[in-house]
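No experiment lies behind these values; they were computed from the predicted model shown. Residue numbers run from 1 in the order of the sequence given.
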Amino acid sequence: MDASSKTYDVIVVGAGHAGCEAALAAARLGHLTLVVTVNVDHIGEMSCNPAVGGLAKGHLVREIDALGGEIAKNIDATGIQFRRLNTKKGPAVQSSRAQADKEQYRLRMKQVLEGQDNLDIKQGLADALIVEDGAAKGIITSIQERFLGKTVILTTGTFLKGLIHIGLKNFPAGRMGDPPSNKLSDHLRDLGLRIGRLKTGTTPRLDGRTIDFSRLTPQHGDEPPVPFSFETKSITQKQVPCYITYTNKRTHELIKTGLDRSPLFTGVIKGVGARYCPSIEDKVVRFPEKSRHQIFLEPMGLGTTEIYPNGVPTSLPVDVQIKMLRSIEGLEQVEIVRPGYAIEYDYVDPVQIQPSLECKAIRGLFLAGQINGTSGYEEAAGQGIMAGINAVQRVREEPPIVLNREQAYIGVMIDDLVTKGTQEPYRMFTSRAEYRLLLREDNADLRLRELGHQIGLVSDALYEKFKQKREEIERLLALLSDVRLNPQPDVIHTLEDLGLGSISQPVTLKDLLKRPGAEFEDIAKVDSRILSFDNEVAEQATILVKYDGYIRRQMEQVERVKYLEGTRIPEGFDYQDIPGLSNEVKEKLSRIRPISLGQASRISGITPAAVSILQIYLKKLAG
């Protein structure tokens, strides 16, 4: 076997969204890193929807950015439509989404990796790990190349035994146009890991020249577009609209005629799909009362005529796909450039990994992205940056960095995976976070920038700018609390003119801002000094004032559970000797091996009584 002369600190298998963040994090921390990917031309490829962000997913993107990751900067540089979602709702559930120029997104990410110090890129298909004394020591490729490393991160996406379905035809592929990784999946199973099977799908891509956009409703982005990254000052590239259309009864009838050749409804597909993002044929069958379903026609770039019809993922035969699409308004003459398809792939049951994303059974082996059962670029990227950080921590023989549930959506996601596992593709929702008012998209830097600097991914210069912003927020909050208005006639008249009501006793600017309907701009008309603060600072101060009571309540909840989170369970702890625990509880605790009482309390089926018994036993053990 040919062996590389280098021994890497970190080897990353795969260069999708998880692999790119993992490799960049490890290399930026000064450690020699290797990326091995099946096709170097597909680094950063957007295999499905060419978009970043969305509800809860936007939170993940901004958290990655606050830690020093790349995805936010990449979409800011290549986005062609930016929108803020849920702006009529509270700040906890507001999120950002951007449509990408698919080709430019991929090219820029490739250039970033190629320009990164300490980072090598190799094209190859990983077939096996090199494991010695229970630790990952490298990989072996399909052409028998050996790459040696101190740690390995697997970010294999949908490539593990990937099988594409279009109608009743199927063929092995990691995604359309790339080969699958069959031997690696079997190898992981031979190493003792539990492997499951999942399914996801994508839409047909359409020729925009054959669409009658004049009959459709345009959807424009925000003006001005709001960037994802805390470092991006403004979006300068051209912005374009998307268009809205709908399926109809005729569409649904045509879909039903093809169900006898649908791999989903004939039992050909064995993997479990996502409930929250079903195929169009699944939606038609599951929701027969709905007469139409919305479709967003999204441009795939400025330099292409291809259109992504968001809302019609399908694995129906191509002849049914074309008939279905041509029954939709504006698409009567449409041509398909690339057919939609479903893909089945293997994944590793994530309860077999630690909160650091290191495999419990194999030291130095980290898993990130769809191999852990997640779905989505943002979920993958969030795991990727944490896997890269913790692989470096393992090389340095330092404790892992684990984000808590009250600290980040990334922490919620990883804790969900390693504590509860998943039987279907896992997607992040704001409803998964019990402290979501603390985990807003707008305050990701306030939550994580300091940690990013401590880790070494955020430069001193960026950290200084962040500190200035934090100090400005504190200064504005102090000003709002200190300035008092007395109930004098001219003051009362001004407040009434602004729609802020009247006062009968002295009030602070903070009290006024708390009033329903009061805006920061109104308060600025009362005291012009607060106009000197920029929009980001004003936004933070406004949220902290208006939601002060709710935020304090969530902080109190966090404090109440801190004891459980801080009570560590020794590694290799034997639960069989604890009296009072049922055999079922002992089995679950032994299988998942929680690192703290807090994590133990979140395991499905672990009752408060069981947690109390465990808590008492640990106290006795500590003496």
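Side-chain N/O atoms of H187 and D127 include no donor and acceptor closer than 3.5 Å. R84 and S96 form a side-chain donor-acceptor contact under 3.5 Å, judged by distance and modelled atom types alone. No side-chain donor-acceptor contact under 3.5 Å links S279 and D282. A donor-acceptor contact closer than 3.5 angstrom is absent between the side chains of T78 and D101.
Proximity of a side-chain donor or acceptor of D346 to a complementary backbone N or O of S185 within less than 3.5 Å is not detected. Remark: side-chain polar atoms of Q321 are not paired, donor with acceptor, to backbone N or O of I336 under 3.5 angstrom.
Side-chain contact check for R447 versus Q407: every heavy-atom pair is 4.5 Å or farther apart. With contacts defined as side-chain heavy-atom distances shorter than 4.5 Å, the pair T202/Y308 qualifies. Two residues are said to be in side-chain contact when any heavy atoms from C-beta on lie closer than 4.5 Å; K161 and I195 fail this criterion. In this structure the side chain of I235 reaches within 4.5 angstrom of the side chain of F82, judged on heavy atoms.
For D207, the salt bridge (charged side-chain N to carboxylate O under 4.0 Å, His left out) partners two or more places apart in sequence, or in a different chain, are R209. For N39, the side chain to side chain donor-acceptor pair (under 3.5 Å) criterion is met by no residue, not counting sequence neighbours. By the side chain to side chain contact (heavy atoms under 4.5 Å, CB included) test, E253 pairs with R250, sequence neighbours left out. Among residues two or more places apart in sequence or in another chain, the side chain to side chain contact (heavy atoms under 4.5 Å, CB included) test is passed with K169 by none. With sequence neighbours left out, the salt bridge (charged side-chain N to carboxylate O under 4.0 Å, His left out) criterion links K283 to no other residue. Legend: residues meeting salt bridge (charged side-chain N to carboxylate O under 4.0 Å, His left out) with R405, ordered by chain and number and at least two apart, are D415, D416, E434. Remark: N372 engages Q383 in a side chain to side chain donor-acceptor pair (under 3.5 Å) (not counting sequence neighbours). Scanning for ring-ring contact (aromatic ring centres under 6.0 Å, His included) contacts around Y341 gives an empty result, with sequence neighbours left out. Applying the salt bridge (charged side-chain N to carboxylate O under 4.0 Å, His left out) test to R326 and every residue at least two apart in sequence or in another chain returns E335. Considering only residues two or more places apart in sequence or on other chains, E70 meets the side chain to side chain donor-acceptor pair (under 3.5 Å) condition with R28, R108. Partners of D319 under the side chain to side chain donor-acceptor pair (under 3.5 Å) rule, at least two apart in sequence or in another chain, are R261.
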Does the side-chain contact (heavy atoms from CB on, under 4.5 Å) test come out yes or no for L168 and T266, once each step is laid out? CA-CA 9 Å; L168 299 181; T266 55; 3.6 Å; yes

After noting the C-alpha distance and the side-chain angles of E306 and K102, does the key distance pass the salt bridge (charged side-chain N to carboxylate O under 4.0 Å, His left out) rule? CA-CA 10 Å; E306 276 192 81; K102 178 177 181 288; over 6 Å; no

Residues E539, D442; criterion side-chain contact (heavy atoms from CB on, under 4.5 Å); working and verdict: CA-CA 8 Å; E539 178 188 30; D442 59 82; 4.1 Å; yes

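From M428, atom CE reaches atom OG of S375 across 12.5 Å, with rounding to the nearest 0.5 Å. Remark: L325 CG to E332 CD distance equals 11.0 Å, nearest 0.5 Å. For the atom pair OG1 of T217 and CD of E329, the computed distance is 8.0 Å after rounding to the nearest 0.5 Å. Separating the NZ atom in K89 from the OG1 atom in T430 is a distance of 8.5 Å, to the nearest 0.5 Å. A distance of 10.5 Å separates CE in M386 from CD1 in I64, rounded to the nearest 0.5 Å. The line from CG of L154 to CD of Q370 is 14.0 Å long, rounded to the nearest 0.5 Å.
A salt bridge between E379 and K57 is present, with a side-chain N of the basic residue lying under 4.0 Å from a carboxylate O of the acidic one. Ionic pairing of E281 and K256 is not present here: no N-O contact between side-chain nitrogen and carboxylate oxygen is shorter than 4.0 angstrom. The residues R189 and D186 are annotated as salt-bridged, a charged nitrogen and a carboxylate oxygen being separated by less than 4.0 angstrom.
When each of V348, L193, L191 is tested with C359 by the rule side-chain contact (heavy atoms from CB on, under 4.5 Å), just one qualifies, namely L193. Residue S95 is tested with R440, R62, R83, H59 for a side-chain hydrogen bond (donor to acceptor under 3.5 Å, both in side chains); the sole match is H59. With E344 as reference, H165 is the one residue of K270, H165, K199 to meet the side-chain hydrogen bond (donor to acceptor under 3.5 Å, both in side chains) rule.
A cation-pi geometry, defined here as NZ or CZ lying under 6.0 Å from the six-membered ring centre and within 45° of its normal, does not hold between R175 and Y345.
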For residues 287-302, please give each side-chain donor-acceptor pair under 3.5 Å, one per line with the distance, not counting sequence neighbours.
unit_1 : atom_1 : unit_2 : atom_2 : d
Q294   : NE2    : Y246   : OH     : 3.2
E298   : OE2    : R97    : NH2    : 3.1
E298   : OE2    : N310   : ND2    : 3.3

